Student: 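The structure under discussion is supplied below as structure tokens; questions concerning it will follow.
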2 protein chains.
Amino acid sequence: MFMHSKSEGSYVPATRVVRATKTSPLCENLSALFRKFPAERHYQPQNTILLHGDTADAVYRVISGTVRCCTIDEDGGRQIFSFQKKGDFIGMSDVDAWHFTAEAVDHVIVQSVPRASLEQELAMNFTLRMEMRYLINRLLIKREHQILSLISHKAPQRLLNFLREFATTRSSSGFTVLPMCRRDIADHLGMTTETTSRAFGVLKNSGAIEMTTPDKYRLLD
Amino acid sequence: MFMHSKSEGSYVPATRVVRATKTSPLCENLSALFRKFPAERHYQPQNTILLHGDTADAVYRVISGTVRCCTIDEDGGRQIFSFQKKGDFIGMSDVDAWHFTAEAVDHVIVQSVPRASLEQELAMNFTLRMEMRYLINRLLIKREHQILSLISHKAPQRLLNFLREFATTRSSSGFTVLPMCRRDIADHLGMTTETTSRAFGVLKNSGAIEMTTPDKYRLLD
DNA sequence: CGGTACGTTGATCGTGATCAAGGGAAGTGG
DNA sequence: CCACTTCCCTTGATCACGATCAACGTACCG
């Protein structure tokens, strides 16, 4: 007898929330650079924005929609490292070739700055260089938190942490909409779709979250 | 009946080895900077080299010995992100405070460059900046490989990958000595000491490695 | 209307965590 | 020098979590 308890409040939450990366830095200089290249590109759901291995000839910023950044291993396994949303930058760390693939989850609009322009600006602008360093350092710290989370948390806790972080960056209040499917969440958290679905069930039954449809949730407690 | 088979060659290896990060980059300018600060510091086993949260007022390079870089979560769980050895740099990514702790595994000798000197040099030296970017990008890619490995490989495979990578960076030929204990390896690979010990057993029985003492191994196949 | 993709739930099985015990090496104090 | 502790490695037994295999309902779409 070791099924999930269906009783209320049985799921221990909190106290171990991944130390949230501080509020997103302003990156004034970087933003200013993007303002010089206002052209927008649109991507339909599931379309590729940039492909692992291709020349990293630009950097991107998400204007709207959700982008998943992932790699595929030789066994066909996919790992989604992050979901990028409005205001997030993509591809800042790569120097020559993309070390990951970026795909549109829903309808996505991005701006891009040619790599050459970025490099030119970087050579002259000290503050921009510092912004980049902070950005990439935060990325590294985030990856290490993900490793820690994978090792020390069970599936429902990882999902809860994800939903919490996702909520802070998306909805200001009330319900949060999940633009991605269960498979995407599973590949992000390192589990199967079935486990993801069951983890949602655990969180609902324990009163940690409330859901109206499979893609809308609200944090409780 | 689902114990490990004790028969020879039963353990499927290879084909999915984490794409090894290329041979370590030269980092000529960075090395030159370190040559200007030849003073060495010595650390006894288990001693702290730098502490998570302290001001990142220097960067380090390992002269000899092995350093473990780790973080401790609020439940006491420890995650060792990397073992740094001769020639490796430590603390290049942090801008203000250390986001991890570095400890000596065995007797360790390091050199250090004051942060201020690094920053001064960075401001003037384009090549040095590029070296730093490559270094940190490789670090990020390495972390993402670690995540992928955690998700898609079983314990013996993870251990084998670790032993392979460790061997390439340590011993040129023949046997490789493990300076760290099972607990350190376990905390690096995200498993328990018992599982680590059993994983060694699997690799030995499958003919993937050969061991004389618990801290000396040789890769076969 | 059939096909497909997605979410959910159930049943079973395997990996690894956990609990427990024992052996060997090294250090300490009598 | 030996009793004693302590740490590390190993092995065994059991159990929980999550993967896997399977089935089903629903929404969407050509």
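Chain A is the first sequence line, chain B the second, and so forth, proteins listed ahead of strands; every chain is numbered from 1. Every value quoted in this text rests on a predicted model; they were computed, and no experiment measured them.
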Student: Rounding to a whole Å, what distance do you find between F200(A):CZ and dT9(C):C1'?
Tutor: 16 Å
Student: Scan side-chain atoms only and decide if S112(A) and R41(A) contain a donor-acceptor pair under the 3.5 Å cut-off.
Tutor: yes
Student: Using whole Å, what does the distance between atom P of nucleotide dC19(C) and atom CZ of R198(B) come to?
Tutor: 14 Å
Student: So, the side chain of T192(A) versus the backbone of T195(A): is there a donor-acceptor pair under 3.5 Å, distance only?
Tutor: yes
Student: Do Y43(A) and H107(A) have ring centres separated by under 6.0 Å?
Tutor: no
Student: Regarding T101(B) and E103(B), do their side chains bring together a donor and an acceptor under 3.5 Å, going by distance alone?
Tutor: no
Student: Counting just side-chain N and O atoms, does T192(A) come under 4.0 Å of either OP1 or OP2 of dG18(D)?
Tutor: no
Student: Can a donor-acceptor pair be found between the side chains of T196(A) and E194(A) at a distance below 3.5 Å?
Tutor: no
Student: Nearest to the M191(A) side chain among dG18(D), dG10(C), dA19(D), which nucleotide is it?
Tutor: dA19(D)
Student: Strictly under 3.5 Å: I want the nitrogen or oxygen pairs between protein and nucleotides 5-9 of chain D, one per line.
Tutor:
residue : atom : partner : partner atom : Å
dC9(D)  : OP1  : R182(B) : N            : 3.3
dC9(D)  : OP2  : R182(B) : N            : 2.8

Student: Find the distance H153(B):NE2 to dG16(C):P and express it as a whole number of Å.
Tutor: 12 Å
Student: Calculate the interatomic distance between Q157(B) atom CD and dT15(C) atom P; express it in whole Å.
Tutor: 14 Å
Student: Can you pull out every salt bridge (charged side-chain N to carboxylate O under 4.0 Å, His left out) where at least one residue sits in residues 84-101 of chain A? Sequence neighbours excluded, please.
Tutor: K85(A)-D88(A)
Student: Let's see if you can work this out: which of dT11(D), dT8(C), dG18(D) has an atom nearest to the side-chain heavy atoms of K204(A)?
Tutor: dT8(C)
Student: Distance check needed: dG16(C) C1' versus L150(A) CG, whole Å only.
Tutor: 15 Å
Student: Ignoring hydrogens, what is the shortest heavy-atom contact between P179(B) and D106(B)? Give both atom names and the distance.
Tutor: CB-OD2, 3.4 Å
Student: Between dG18(D) atom C1' and I151(B) atom CD1, what is the distance in whole Å?
Tutor: 13 Å
Student: Hey, what bend do you get for the helix from dC1(C)-dG30(D) to dG30(C)-dC1(D) if you fit axes on five pairs at each end, rounded to 10°?
Tutor: 30°
Student: Find the distance L203(A):CG to dT8(C):P and express it as a whole number of Å.
Tutor: 12 Å
Student: Please state how far atom CG in D187(A) lies from atom C1' in dC6(C), giving the value in whole angstrom units.
Tutor: 14 Å
Student: Please name all residues satisfying ring pair (Phe, Tyr, Trp, His ring centres under 6.0 Å) with F89(B), sequence neighbours left out, ordered by chain then number.
Tutor: F34(B)
Student: Just to verify, what does E144(B) make a side chain to side chain donor-acceptor pair (under 3.5 Å) with, not counting sequence neighbours?
Tutor: H99(A), R143(A)
Student: Which heavy atom of S93(B) sits nearest a heavy atom of I136(B), and at what distance?
Tutor: CA-CD1, 3.7 Å
Student: Name the pairs: protein N/O against N/O of nucleotides 22-30 of chain D, kept only if under 3.5 Å.
Tutor:
none

Student: Do the side chain of D184(B) and the main chain of D187(B) share a donor and acceptor less than 3.5 angstrom apart?
Tutor: no
